[in-house]
Every structure is written in C-alpha cells, then in structure tokens.
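This is a predicted model, so every value here is computed, not measured. Counting convention: from 1, in listed order, for ligands and their atoms alike.
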Amino acid sequence: MEKIKMKTPLVEMDGDEMTRVLWKMIKEKLILPFVDLNTEYYDLGLLSRNASRDRVTVDAANATKKYGVAVKCATITPNKQRMEEYPELTEMWKSPNGTIRSILDGTVFRAPILINSIKPVVKNWEKPITIARHAYGDVYKSIDMYTSEPGECTLTFRGDSGEEKTLSVQKVDGGAVWQAAHNKDSSIRSFARACFQYAIDTRQDLWFSTKDTIAKVYDGRFKAIFDEEFETYKPQFDALGITYFYTLIDDAVARVIRSNGGFIWACKNYDGDVMSDMVSTAFGSLAMMTSVLVSPDGKYEYEAAHGTVTRHYYRYLKGERTSTNPVATIFAWSGALKKRGELDALPELSAFGENLEAATLDTLEAGIMTKDLTGLVEDGISVREVYSEEFLDEIAKRLAARLG
Ligand code: NAP
Ligand code: MG
C-alpha cells in the first residue's frame, strides 16, 4: 500500500514519562506504517527544555504560528519535588502549556471521547459537551489581603493620562478580607473570537455564561464583547444553522445537566476550571478527554487533557508492562492530521485521521480496553483488559483493515 503524502509539516512536540513512551508506540504502530509523516520535531521533554534554557518551547510555539497545526505530548511542569528528582535542572521551568498558550493567545477546548459501553453519569448526555475555558485573569491574577481593624477599603485606578478613578469598596467595623481582580478587553476579545471560530469549525452551538446580573460592569463587559464579536461571525453561524446563546451561569448549569450534549460551553476562567472537572468526571475518565488550543487567528495545537501518568512510568522503568490508556493521545494525532489535511486540501490525510479514530473506537466497542476503563463499563458487557502495547496492536489491525 502506498503511504499517504503530506504537504506542510506538522509541528510535533514530544514530552515526558509514560506519555513519551506511548508517543513512540503510537507513531510506530499507527502512523508511520500508513503516512509518509512530515513533522518538524521539537523535544519538549524536561531535560531538553533544560538544555535549551526553555528556548525549544518558544521555538515550538513559533513553529505552530508559522505552520498552523501542532500535536503535543504531555510534559512535566517542574515543581519543588521535580527539582529534587532531576538535580541537573538549572531552573524551575514554567509550564510549557502556559508558555505556548501565551504565545498563541489561545483558548483551550476540552471534549470527552464517548463510547457506547461507558455511559455518562448524567444519563441524558448523548453527545460530548466541550468546555472552552478562558485562561487569563480574574481570581487567578487577583490580589487579596486581610485587615483586622475597622476602616474603609477603596479601589483606585490611575490612568497614564493622570486621570484617577476611586470607588469605595466597603466600610467595615472589624476584621475583613479583600480581593481585587481584573481582566483585559484584548484577552476577552481573543477568547470570544476563538470560541466563535471553534463553533464554526466543529459545527456546534456555542453557549456562554457569566453572572452579569451581579457583576454588572465586570461580567457585563464580557457579554458586551461577545455580542460585538458575534456580529462578524453571525453570517457563518446562520449559514451553518448553529446558534450563539448567552445565559446566566446558574441557568447554564441547570440547562447543561438537562441537555443531551453536543455543544460548546464557554466559561470564564474560574467557572471553566470547576466545570471542566465536573463534566469530565461525569463523562468517565481523564484518559478519554481531548484538548485543543485554538488561537483567535486559527492556529491549532492538539493534545490529551491528562498528564504524563508518572506512577505508570515508574512501573515501566522497573520493567513492568502497564495498561496505560493511549486514546486521548491517539486522538491528538488524529485531530492534528485531520486539520492538516483540511488546511492543505488533502482528503486522504483527513480520511486517515477519521479512520484512525474509528479503528480506536471499534477496538473499545469490541470490549478491548485498558485497565482504567474496564471498571466503568456497563454491566453485562464483556471486556478484555490489555496492556497498552496489545491495545495499540488491536487498533493497528482494525486500522489496516479499514484502509484496505
Ligand atoms: P496525570 O498524569 O494525568 O495522572 C493522574 C492519574 O490519572 C494517574 O496517576 C492515573 O491514575 C490516571 N491517568 C491519567 N491519564 C491516564 C491514562 N492515559 N491512562 C491511565 N490512567 C491515567 O496527572 P498528574 O499525576 O497530576 O501529573 C503527572 C505529571 O503530568 C506532572 O508532572 C504534571 O506537571 C504533568 N501534567 C502535564 C499536563 C500536560 O502536559 N498537558 C497536564 C497535566 C499534568 P493511576 O495512577 O491511579 O492509574
Ligand atoms: Mg481544576
């Protein structure tokens, strides 16, 4: 069989630990036998980031800007414990995802992969719910303080022009806690654009929720910017028959639970943090959650939502075989190849991505799965628990059959 050709390189970002092991297996078993793979490779493994003084992460993000599509393996974000584990680290390097997100100015969309034998906890959820979380500001960039005596707190803005604006926050008669948060027009606008663009790309309705009845100026600004930006996208929404729907966060929560899924829920930073954990848990497993970073000008970086699965890696280092779930990482590859195919007008490449996903789902529907999933399967369905390698071999068999 002739291998599928590519035009533009895909930006490939390798990573750490167990996911790095899976990365190599996925390429060898599922991609390289079928695709004449053309990637620009960046090693974002921790030691390579350290050796380049994290230059490699910046280069990989810039390459994504240049070529438009990237696929990323999970990476270690060093903390104190990692500094002890890797004494050669010269700095506690920042989260690569944070670095890439700030260079691409993107929004992260997370969606679960559904299979028939694992039902969501919410039984009316038939289709995936994608959460779009704004990743800048609010409580995550706020400052707070405690005061113990009676008094008044004020909030002052000093403009570069010299203009000042002061508000009284509150007069208190005893101990009190205070917090000041902000967001920026530019960041909210990028968030809105990325959401509208992604809704069009995936042909799904977009919901957006805030608490603008209470935070009239703050959340009101989010709503106003979304309304302004929607004007540009409305004709495309109309043409595709999809809708943009704004509602209060409490109303949204109730509607999401009663819904059948199949839409994108855009959330402010805190709401997205909390709700994405709720939605992903209700759908099943973190190992079945995909993630894509979309920039407002249409650049895409695909990855799994989970981390490097450290505990499995330590067992792997001891020579044990592990039953680590590669599905979300496979879908990162298929998502990136489909997008590359679409942008380069290579229908064979897009079809390959579709077939790779279908072969993975076929395998799961046949009851062949990794350990994390076997306990979630509905009663009465027989399952065979396999190691990662066997699981990938089973997918490869089905993929080869599909590709004829
Ligand atoms: P994690 O790697 O997602 O793993 C948490 C636990 O979830 C695992 O120990 C495992 O449970 C289960 N799990 C996650 N993915 C799985 C899979 N594919 N198959 C089977 N089980 C899976 O998160 P973490 O332990 O908090 O973080 C580990 C490292 O990953 C950290 O260094 C962190 O910085 C990094 N991280 C990177 C990213 C990213 O690059 N996007 C995201 C998150 C975390 P059991 O051990 O019980 O089987
Ligand atoms: Mg969280």
Side-chain angles (χ1 to χ4, degrees), residues 12-26 42-50 54 56-57 60-61 64 70-86 89 92-102 104 106 108-113 118 133 135 273 276-277 280-281 283-293 301-318 320-333 335-336 360 364 368-376 385-392 395:
E12 174 184 354
M13 306 182 195
D14 209 343
D16 288 300
E17 300 194 315
M18 201 61 216
T19 41
R20 188 181 181 100
V21 176
L22 293 176
W23 192 260
K24 191 160 172 279
M25 287 190 213
I26 291 170
Y42 293 88
D43 186 357
L44 266 55
L46 184 55
L47 294 179
S48 157
R49 276 180 276 147
N50 188 60
D54 212 21
V56 66
T57 310
T64 308
V71 58
K72 179 181 171 290
C73 179
T75 46
I76 292 171
T77 298
N79 54 16
K80 237 181 109 216
Q81 191 196 331
R82 296 291 196 177
M83 299 302 284
E84 286 159 20
E85 186 182 349
Y86 295 90
L89 292 187
M92 205 190 289
W93 304 108
K94 279 194 251 165
S95 150
N97 288 53
T99 303
I100 296 165
R101 199 157 56 216
S102 69
L104 292 179
V108 174
F109 296 83
R110 280 187 166 195
I113 299 155
I118 300 177
R133 173 183 169 187
D273 184 354
S276 70
D277 282 342
S280 65
T281 307
F283 271 113
S285 164
L286 193 58
M288 296 288 277
M289 187 68 58
T290 62
S291 180
V292 54
L293 175 73
E301 181 247 305
Y302 293 83
E303 61 177 289
H306 60 77
T308 58
V309 212
T310 310
R311 277 202 294 268
H312 294 218
Y313 182 59
Y314 293 153
R315 295 212 300 271
Y316 166 85
L317 287 182
K318 280 195 258 162
E320 285 176 41
R321 294 209 286 170
T322 71
S323 184
T324 315
N325 189 339
V327 170
T329 306
I330 295 171
F331 273 65
W333 275 97
T360 306
L364 292 166
I368 301 166
M369 51 185 71
T370 47
K371 191 183 167 84
D372 55 307
L373 297 181
T374 51
L376 301 171
E385 185 183 308
V386 290
Y387 294 115
S388 305
E389 231 172 331
E390 289 175 82
F391 182 63
L392 293 171
I395 298 172

For Glu17, which part has a heavy atom under 4.0 Å from ligand 1: side chain, backbone, both, or neither? neither

Run the numbers for me: atoms of ligand 1, each under 4.0 Å from some heavy atom of Arg82, listed by number. 29 (C), 31 (C), 32 (O)

Side chain to side chain contact (heavy atoms under 4.5 Å, CB included) with Met369: which of Val327, Asn325, Thr374, Leu376? Thr374

Quick check against the 3.5 Å criterion: does Ser280 have a side-chain atom that pairs as donor or acceptor with the backbone of Leu286? no

Dump the intermediate steps for side-chain contact (heavy atoms from CB on, under 4.5 Å) on Ile76 and Trp93, then the final yes or no. CA-CA 10 Å; Ile76 292 171; Trp93 304 108; over 6 Å; no

So among Val108, Thr290, Val71, Asn97, which one has a side chain to side chain contact (heavy atoms under 4.5 Å, CB included) with Glu303? Asn97

How long is the straight-line distance from OG1 of Thr324 back to NE2 of His306, given to the nearest 0.5 Å? 9.0 Å

So which protein heavy atom does atom 48 (O) of ligand 1 come closest to, and at what separation? His312 NE2, 2.8 Å

Give me the nearest non-hydrogen protein atom to atom 36 (N) of ligand 1 as residue plus atom name, then the distance to 0.1 Å. Gly307 CA, 3.4 Å

Is there a donor-acceptor contact under 3.5 Å linking the side chains of Arg82 and Thr310? yes

Check for a donor-acceptor pair, side chain of Thr370 on one end and backbone N or O of Asp372 on the other, with a separation under 3.5 Å. no

Quiz question for you: does at least one protein heavy atom lie closer than 4.0 Å to atom 31 (C) of ligand 1? yes

Distance from atom 41 (N) of ligand 1 to nearest protein heavy atom, with residue and atom: Glu303 OE1, 3.0 Å

Side chain or backbone of His306 under 4.0 Å from ligand 1, or both, or neither, by non-hydrogen atoms? both

Distance-only N or O hit between ligand 1 and Thr308, under 3.5 Å: yes

Atoms of ligand 1 less than 4.0 Å from Lys72 heavy atoms? 40 (O)

Hey, is Asn97 touching ligand 1 through its side chain, its backbone, both or neither, going by heavy atoms under 4.0 Å? side chain

Quick one: look up the protein heavy atom nearest atom 7 (O) of ligand 1 and list residue, atom name and how far away it is. Leu286 CD2, 4.9 Å

Please check: side-chain N/O of Arg20 versus main-chain N/O of Gly15, any donor-acceptor pairing under 3.5 Å? yes

For atom 46 (O) of ligand 1, is the nearest protein heavy atom under 4.0 Å away? yes

Protein contact to atom 37 (C) of ligand 1 [nearest heavy atom, distance to 0.1 Å]: Thr75 O, 3.0 Å

Students should be able to answer this: which protein heavy-atom is nearest to atom 34 (O) of ligand 1, and at what distance? Thr77 N, 3.0 Å

Relative to the heavy atoms of Ala74, which atoms of ligand 1 are at a distance of less than 4.0 Å? 40 (O)

If we set the cut-off at 4.0 Å for heavy atoms, which region of Lys371 has an atom near ligand 1: side chain, backbone, both, or neither? neither

Can you confirm whether Arg49 sits close enough to Pro96 that some side-chain heavy atom of one is under 4.5 Å from a side-chain heavy atom of the other? yes

So Met13 and Thr64, do their side chains get closer than 4.5 Å, heavy atoms only? yes

Using a strict cut-off of 4.0 Å, indicate which atoms of ligand 1 neighbour a heavy atom of Ala287. 16 (C), 17 (C), 18 (N), 19 (N)

N or O contact, Val309 vs ligand 1, cut-off under 3.5 Å: yes

Shortest non-hydrogen contact between Leu46 and Pro78, atoms and distance: CD1-CG, 3.9 Å

Would you confirm whether Ser48, through its side chain, and Leu44, through its main-chain N or O, come within 3.5 Å as a donor-acceptor pair? no

May I ask whether atom 27 (O) of ligand 1 is less than 4.0 Å from at least one protein heavy atom? no

Atoms of ligand 1 less than 4.0 Å from Thr310 heavy atoms? 28 (C), 29 (C)

How far is atom 11 (O) of ligand 1 from the closest protein heavy atom, and which atom is that? Arg311 NH2, 3.8 Å

Please write down residue, atom name and distance for the protein heavy atom closest to atom 19 (N) of ligand 1. Asn325 N, 2.9 Å

Could you check whether any side-chain N or O of Ser323 sits under 3.5 Å from a backbone N or O of Val386, counting only pairs where one atom can act as donor and the other as acceptor? yes

